[in-house]
Amino acid sequence: MHKTTLEQWFLLDKVIELGSFARAAQATHRSQSSVSYNLALLQERLGVALLEAKGRKAEITPAGALLLAQVRPLLNAFHYVETQAATLKKGVRTRLDLVVDNVFPRETLFAILREFQQLHPDTHLHLTEILENQSWDVDADVAVLTRREDMMGRGEWLMNIDFVAVAHRDHPLHQLPAPLREETLLRYPLVRIASRENSMPLAVTAATEYWTFSTVESAIEAVMHQVGYGWLPEEWITAPLASGMLKTLALGHGTRRATPLHLIVRRALAPLDEQVKTLLTLFRRASRSTPQMGRTE
């Protein structure tokens, strides 16, 4: 049997937050004597002084501050449990599973997640990032994928991701006369993103020397460190392109390649609830504000 209760620690936290027993009593709809009694009992059972009076204000002791800091995560967790229970009682969704292709612009994705959290704070958005054509174990509610249709449902076109052929500014390819031919590219290592062979010319993917990386970030780092050249998603490399660290390769054809992304909703969700509608709206709005080049040169 525990010597203290969450209620007593909650009252202590309120007294410290508001600065007095009277304000804590008013905020918790109790009498001041009830607050005083509970905190006196808390200190008696612990055998440690948690509060000290300084004028009209109650201040926490060093020992009290240490113990309260350890208890606060429990108070927050208990508050979360009660909030979740209230949410379940209302029939509101508490979790939404989202699967997104790894090439989706990172800053755009984070902005969507932030806004969704603000609009639906009681719904946990579980994100899984995958590579093109990679399978996943999550029973996704919403997905952003390169394929137009999936077992979970049929999708709508959302946006194009532009891949551009680049290399470090000191790469030997930039020293050769333009335009560069495909047989010239075959003499240098190619950096590939796993399952992204369709984003580059077929002849180039037959190169005898290449490096395959499992994430966009790793492929970009490899090109930045002169491991090779590669077709990288343009929105991910705007900064190194602007600074001149990376330079676009002067190809005669195929400098840019566009990969379409589609927004897919699980069939079983019809009719859609508010949380799913919000998420779809955020993705559609973000796609309209993202430059859509999709050119092939």
Side-chain angles (χ1 to χ4, degrees), residues 95-121 123-134 136 138 140-147 155-169 191-196 198-200 213-225 227 229-249 255-265 275-295:
R95 173 172 171 149
L96 200 159
D97 286 290
L98 171 65
V99 171
V100 177
D101 192 291
N102 184 247
V103 298
F104 190 88
R106 191 56 56 90
E107 288 187 11
T108 303
L109 178 60
F110 290 159
I112 290 172
L113 298 181
R114 280 196 305 270
E115 188 166 355
F116 182 88
Q117 187 179 41
Q118 292 168 0
L119 295 171
H120 299 285
T123 301
H124 172 63
L125 193 58
H126 185 273
L127 172 66
T128 301
E129 288 189 283
I130 65 166
L131 295 169
E132 184 182 30
N133 298 323
Q134 179 184 352
W136 65 89
V138 179
D141 299 306
V142 176
V144 178
L145 306 173
T146 55
R147 47 187 177 270
E156 62 181 67
W157 177 85
L158 180 66
M159 64 193 300
N160 285 341
I161 300 297
D162 285 323
F163 287 77
V164 59
V166 296
H168 189 275
R169 63 189 176 196
V191 170
R192 305 194 307 185
I193 304 169
S195 301
R196 293 285 165 196
N198 291 335
S199 66
M200 56 196 72
F213 293 87
S214 60
T215 66
V216 175
E217 296 94 335
S218 297
I220 292 173
E221 286 291 315
V223 174
M224 293 280 288
H225 285 83
V227 173
Y229 72 95
W231 275 258
L232 301 177
E234 188 171 24
E235 191 161 335
W236 287 66
I237 56 172
T238 52
L241 280 174
S243 69
M245 182 66 69
L246 293 182
K247 293 176 61 177
T248 303
L249 291 175
T255 301
R256 294 180 183 275
R257 299 283 165 170
T259 294
L261 290 179
H262 301 89
L263 188 59
I264 305 176
V265 183
Q275 288 82 356
V276 173
K277 288 180 181 178
T278 296
L279 190 59
L280 296 179
T281 298
L282 293 175
F283 270 107
R284 288 168 182 148
R285 189 176 69 196
S287 70
R288 289 195 295 270
S289 63
T290 301
Q292 297 297 315
M293 294 195 246
R295 300 174 305 198

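Predicted, not measured: the structure shown is a model, and the values here were computed from it.
Distance check: Arg95 CZ to His126 NE2 gives 4.5 Å after rounding to the nearest 0.5 Å. The line from CD1 of Ile161 to CH2 of Trp236 is 9.5 Å long, rounded to the nearest 0.5 Å. With values rounded to the nearest 0.5 angstrom, Asp101 atom CG is found 8.5 Å from Thr259 atom OG1. Atom-to-atom distance recorded for Thr278:OG1 and Ile112:CD1 is 12.0 Å, nearest 0.5 angstrom. Rounded to the nearest 0.5 angstrom, Thr123 OG1 and Gln275 CD are separated by 4.0 Å. To the nearest 0.5 Å, atom CG of residue Leu246 and atom CE of residue Met224 are 5.0 Å apart.
Checked by atom type and distance alone, the side chain of Asp141 pairs as donor or acceptor with a backbone atom of Asp97 at under 3.5 Å.
Looking at Val164 and Thr255, their side chains come closer than 4.5 Å, going by heavy atoms from C-beta outward. No side-chain heavy atom of Leu109 sits less than 4.5 Å from a side-chain heavy atom of Val144. A heavy-atom distance below 4.5 Å is not found between the side chains of Val216 and Leu232. Between Arg256 and Glu234 the shortest side-chain heavy-atom distance falls below 4.5 Å. Residues His120 and Leu96 fail the side-chain proximity criterion, which asks for heavy atoms closer than 4.5 Å. A heavy-atom distance below 4.5 Å is not found between the side chains of Phe116 and Leu98. Residues Ser287 and Leu261 have side chains not in contact (no heavy-atom distance under 4.5 Å, counting atoms from C-beta outward). Between Leu113 and Leu282, every side-chain heavy-atom pair lies at or beyond the 4.5 Å cut-off.
For the pair Ile193 and Ala219, the tightest heavy-atom approach, listed with the atom from each and the gap, is CG1-CB, 3.6 Å. Counting all heavy atoms, side chain and backbone alike, Trp231 lies closest to Phe163 at O-CD2, 3.6 Å. Heavy-atom minimum distance, Gly155 versus Ile264: CA-CG1, 3.6 Å. When every heavy atom of Ala167 is checked against every heavy atom of Val223, the shortest pair comes out as CA-CG1, 4.0 Å.
Partners of His168 under the ring-ring contact (aromatic ring centres under 6.0 Å, His included) rule, at least two apart in sequence or in another chain, do not exist in this structure.
The 12-atom threshold is exceeded at CD of Glu156, counting heavy atoms of other residues, nucleotides or ligands nearer than 6.0 Å. Counted within 6.0 Å of CD on Glu217, heavy atoms from surrounding residues, nucleotides or ligands total more than 12; the atom is thus considered enclosed.
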Run the side-chain contact (heavy atoms from CB on, under 4.5 Å) test on Met159 and Phe104 for me, step by step, so that the C-alpha distance in whole Å, both residues' side-chain angles and the decisive distance to 0.1 Å come before the verdict.
CA-CA 9 Å; Met159 64 193 300; Phe104 190 88; 3.4 Å; yes

